[in-house]
2 protein chains.
Amino acid sequence: MREKVTRQAILQISEKIVNQEGYEALTLARVAKALEIKTPSLYNHISSLNDLRKALALHALKQLYHEIMTAAVGKSGEEALKAIGFAYIHLMKDNPGLYSATLSALDPQDTEINQMSSDTIAIILRVLEPYHLSEEKAIHFVRGLRALSYGFSTLERQGGFNIDVPLNESISIAFDIFIKGMIATLKK
Amino acid sequence: MREKVTRQAILQISEKIVNQEGYEALTLARVAKALEIKTPSLYNHISSLNDLRKALALHALKQLYHEIMTAAVGKSGEEALKAIGFAYIHLMKDNPGLYSATLSALDPQDTEINQMSSDTIAIILRVLEPYHLSEEKAIHFVRGLRALSYGFSTLERQGGFNIDVPLNESISIAFDIFIKGMIATLKK
DNA sequence: TTACAAAACTAATGATATTAGTTATAATGC
DNA sequence: GCATTATAACTAATATCATTAGTTTTGTAA
């Protein structure tokens, strides 16, 4: 007896497939098989494979938003910023398929995806508020944090580094230095 | 009259295709058409599409090595490190297809690719030598620089940011802060 | 219970990668 | 120059995809 097939169910099984079998394994044939239906039946719920990919990317960004929000709640300042960075990196590490999905969100015009990105960045901006940065300074700050988060996620995925020096330590050091450094440039 | 078909020629046309038409456009059919031969003839030079992808990734890493080497020559210390970061980011910006190729180099076991990565990292290590860092410190330093380079490349590709605040400015600030910060932790 | 909408299905088409087997081309040895 | 051989092209075939069209089934609402 199979589950009811809905757009949500398709997204759920897609997430499982990309995380367990890699992003390239996401085919309509694979999804249909998992749902025990024939491939064309999927078109009752999605409009194309690209549509599914975009939906999956959006799904990933929503999870990201939630994780980051959760990580930042109850914290402030440097602690909050670092926690946000770690939340991003760890989510991407634990869900490699979602990582790929967000990266291959090719269409930079998609409204929903842009909205979700903006919402997530807004969390960081709220944490930065007490510092009363100029808009320009805030932009540089946010970009640096994003670059570190993206970059360490990529690094984590590539792997192949000395296990004796844990990556988390490198992440911690890099965020500390960047955050403290950025804040220091304000006090002068 | 068509060019002589060699593995090199295939790589060259592949590079052109991914940079101009996107990484997903790299198909054997597309390459064959560009070389004015039939698809199966490609198998005289490559063993599979995956083989081609891997070769392209290696090709990209070689260019990267060369660019980084060129950027660092004649410079030292902070200046050299920053130049290396910019060289990476700009190469990836100007060759988006190569960027994708290096990212989708899935196989972390590939000897040649690992060798090339190591060689490139060795350049950074050589620049760091005069600082007489502990091995651990040096590892954290290199990882941070790599994360910033990867991260800003991703950011650059995603685009969608305020053009009034140039990304290069953000990159410059982030590298300055990280590099100076790392060096400062040694003097204490 | 009938009418309609939603969601499944089959069948077909067109890309694509890949393999097997064949022919043409180029290089090499005499 | 010619025969041999290796290289690289080709055609033909198969399997896997996404996608569309048209049909049937299923479920819901009137």
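Because the structure is a prediction, the values reported are computed rather than measured.
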Legend entry - Atom CD of Gln63(A) with >12 non-hydrogen neighbours under 6.0 angstrom: yes
Legend entry - Distance in angstrom units between Ile46(A) CD1 and dC17(D) C1', rounded: 13 Å
Inset, instruction - Could you check how far CG of Leu42(A) sits from P of dA8(C), rounded to whole Å? - result: 8 Å
Inset, instruction - Tell me who clusters with Val165(B), hydrophobic residues only, linked when side chains sit under 4.5 Å apart either directly or through other members. - result: Ile139(A)
Legend entry - Atom pair distance, as rounded to whole Å: CG in Leu35(A) and C1' in dC9(C): 16 Å
Legend entry - Rounded interatomic separation in angstrom, taking CD from Glu24(A) and C1' from dT16(D): 16 Å
Legend entry - Atom-to-atom span, NZ of Lys4(A) to C1' of dT28(D) - whole angstrom: 11 Å
Inset, instruction - Spell out protein contact along nucleotides 10-19 of chain C as letters: B when the base is contacted, S when just the sugar-phosphate is, - when no protein heavy atom is under 4.0 Å; keep the 5' to 3' order. - result: BB----SSBB
Inset, instruction - Indicate, with yes or no, if the rings of Phe178(A) and Phe141(A) have centres closer together than 6.0 Å. - result: yes
Inset, instruction - Please say whether more than 12 non-hydrogen atoms of neighbouring residues, nucleotides or ligands are located less than 6.0 Å from CD in Gln8(A). - result: no
Inset, instruction - Test for a donor-acceptor pair under 3.5 Å between the base of dA6(C) and the side chain of Asn44(A), counting only N and O atoms. - result: no
Inset, instruction - May I ask you to check whether Tyr99(A) and Tyr23(A) place their ring centers less than 6.0 Å from one another? - result: no
Inset, instruction - Could you tell me whether the phosphate oxygens of dA9(D), OP1 or OP2, come under 4.0 Å of any side-chain nitrogen or oxygen in His45(B)? - result: yes
Legend entry - Gln158(A) CD: over 12 foreign heavy atoms closer than 6.0 Å: yes
